[in-house]
Amino acid sequence: MSALSPNRSQQDVERAVRQALEHVAPEIDFDGIDLDAELIEGVDLDSMDFLNVVTALDELLGVSVPERDYPRLHTLRAMIDYLVSHG
Amino acid sequence: MSAELVYAMPSMGADMEQGTVLEWLVSPGDAVHRGDVVARIDTEKAEVDAEIWMEGVVVALLAQPGEWLPVGAPLARIAAPDRTQQPTFSDATQPAAAPVTSPVLERPLTLAEPSHEAATFSPLVRHDAERLGVDLRRVHGSGVGGAVTRKDLLSSGLAPLPAAGEDCFVRASPYARRLADHAGVALRGLSGSGPAGAVLARDVPAAGESSAVEHANASTAPRPGREDRTVRIRRATAELMARSHREIPHYYLTLDVDLSALLSRLAERNAARPPAARLLPAAALLAATARAAAEAPALNGHWLADGFHPADGVDLGVAVSLRGGGLVAPVLAAAQAASLEELMERLRVLVQRARSNTLRSSDLAMPSVTVTNLGGATGARGTLGGAAGVDSVLPIIYPPQVAMVGFGQIRERPWAVEGMLTVRSVVTVSLAADHRASDGHVGARFLTTLATKLNDLATEKAPT
């Protein structure tokens, strides 16, 4: 039940999320990753990595995630859903 | 008549003993300028873009790619244009001294300026663009701060289509190129397993078996393979840590600091800014450390054979953990004079370079003091809702430095304020210091000064 922005499809978001994560964790195979696994622990991101992911998402999708919403991006699925609905 | 200078193997890490040129980016006859990246060097721990701090013209390249040479060994001869124009600081004529006796050998006179670099073109990318005949201003940059990366250049569509057989346009690591060349295999025909299909060493046939593929005239040191690198990083670190433990009489002090005011100040500021302009608490921790160290000369300098040498400014080493293991400590030069925003940007660039194996030799110059374990900023798990991480760290000093500062996770803790119990965001700051250079009183004052600096950052007026 996500609100799809006319400019941004689910697919675009998924692609951007993947790109942003690959940028900080190039060795991870995001094809096989569990959508509901905790990202920070699972991918071993520190706060610099996380900020870089958020920055990349802003560049790729034009979505500037405020700091107070960071905890909502805790899994891949949650991240994608958030970005689709805030597009 | 022009004088000749020698460009020597730079020291790029307290534990670096030898390095090898992977790839020369200049040839005899090329002009070189201060800050130009002239070679890609493998320091055993990392591949680094080595800069030169001389002006002149390359006369001869003395080091063969693949040859392992000690720090200080001559790599190239440079003709300086005019005797009177020689830089007053020259890394040319120093003898092949071990890093410990000449800690600031490779420090450029001017501030390293990665914050400006991020918005411009790195020498490496400029070199590629020149070779490919591409106008960099037309290339979209996907790197930090819009920087144009090599990958951007190659995928921009502006580079001419490579002619058949032109391996120089195939995306491949320098090591892969050498292996392919040695094996007589064309890179174009190989399937790359690296990022964006880049050809890595392991993709080159006949190179996979042994990690010690040798050139006929290489030195006796084993050629590094990917697996070997982790082992070598570990070993270099182990040797440095053992030496530190053996030689330095450490004393330790810790102090818990309430960061609540600082964190809410940062949050307020960040709420009004896009991600690219936000500040991490780590930047504040680094700023406060540098400013406190500037007022504690006995903790900021080097212990050499003839005693303690206080440093001029605070060249702050920042321990950055690498994905896949290992720690590297690049430096924020003159950190005591930088604003919070500037430190954040420079930290961002350093971490990015460290993790993408694109550090410059000036990034790896000897710090005057180092900070480790920025509680989740550059190592331990994120502070964002995660409970992972530790409260405090008791670090081991990197000789010839005389101090190391550690920060644990910023945590909510019970805290007494005016006789009432409340909850605050608290961090434990620890100091490890060399008892030959300072005593507990000096160390304690440093920590309380650091706490004051952190408080100052919480209340200072925002820059316009």
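Letters A, B, ... mirror the listed sequences (proteins, then strands); counts begin at 1. Side-chain atoms are counted along with the backbone in the values below, which use heavy atoms only and exclude waters and symmetry mates.
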A.B. asks: Can you find a pair of side-chain heavy atoms, one from A:Asn52 and one from B:Arg348, that are under 4.5 Å apart?
C.D. replies: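 Contact flag for A:Asn52/B:Arg348 side chains = yes.
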
A.B. asks: side-chain contact (heavy atoms from CB on, under 4.5 Å) between A:Val24 and B:Gln352: does it pass, once the steps are laid out?
C.D. replies: CA-CA 9 Å; A:Val24 299; B:Gln352 193 255 337; over 6 Å; no

A.B. asks: Identify, with sequence neighbours excluded, every residue that meets side-chain hydrogen bond (donor to acceptor under 3.5 Å, both in side chains) alongside A:Asp34.
C.D. replies: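 Residues passing side-chain hydrogen bond (donor to acceptor under 3.5 Å, both in side chains) with A:Asp34: none at all.
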
A.B. asks: Is A:Ala25 in contact with chain B via its backbone, its side chain, both, or neither, using a 4.5 Å heavy-atom distance?
C.D. replies: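 Answer is both: backbone and side chain atoms of A:Ala25 are under 4.5 Å from chain B.
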
A.B. asks: How long is the gap from CG on B:Leu266 to CD on A:Glu67, to the nearest 0.5 Å?
C.D. replies: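 If I round to the nearest 0.5 Å, the distance is 8.0 Å.
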
A.B. asks: Tell me whether A:Asp58 is salt-bridged to B:Arg278, with the criterion being a basic N under 4.0 Å from an acidic carboxylate O.
C.D. replies: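 Result for this pair is no, no salt bridge flagged.
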
A.B. asks: Could you go through A:Met48 and B:Val320, starting from their C-alpha distance and side-chain angles, then the distance that decides it, and tell me whether this counts as side-chain contact (heavy atoms from CB on, under 4.5 Å)?
C.D. replies: CA-CA 11 Å; A:Met48 178 68 83; B:Val320 177; over 6 Å; no

A.B. asks: Please look at B:Ala267 and chain A and tell me whether the side chain, the backbone, both or neither of the residue comes under 4.5 angstrom of a heavy atom of that chain.
C.D. replies: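 Backbone plus side chain of B:Ala267, per the 4.5 Å heavy-atom cut-off to chain A.
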
A.B. asks: Can you tell me how far the NE2 atom of A:His23 sits from the OG atom of B:Ser356, to the nearest 0.5 Å?
C.D. replies: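 OG of B:Ser356 is found 8.0 Å from NE2 of A:His23.
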
A.B. asks: Looking at every heavy atom in both A:Leu51 and B:Pro275, which two are closest together, and how far apart are they?
C.D. replies: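 The pair with the smallest heavy-atom distance is CD1-O, 3.7 Å.
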
A.B. asks: Counting only heavy atoms not in B:Arg234 (residues, nucleotides, ligands), do more than 12 fall under 6.0 Å from its CZ?
C.D. replies: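 Counting neighbours around CZ of B:Arg234, 12 or fewer heavy atoms of other residues, nucleotides or ligands fall under 6.0 Å, so no.
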
A.B. asks: Work out which heavy atom in A:Ser64 is nearest to a heavy atom in B:Pro274; give both atom names and the distance.
C.D. replies: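 Taking A:Ser64 first and B:Pro274 second, the nearest heavy atoms are OG-CA, 4.0 Å.
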
A.B. asks: Excluding sequence neighbours, so at least two apart, what forms side-chain contact (heavy atoms from CB on, under 4.5 Å) with B:Ala276?
C.D. replies: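 Testing B:Ala276 for side-chain contact (heavy atoms from CB on, under 4.5 Å), a comparison that skips the adjacent residues, returns A:Thr55.
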
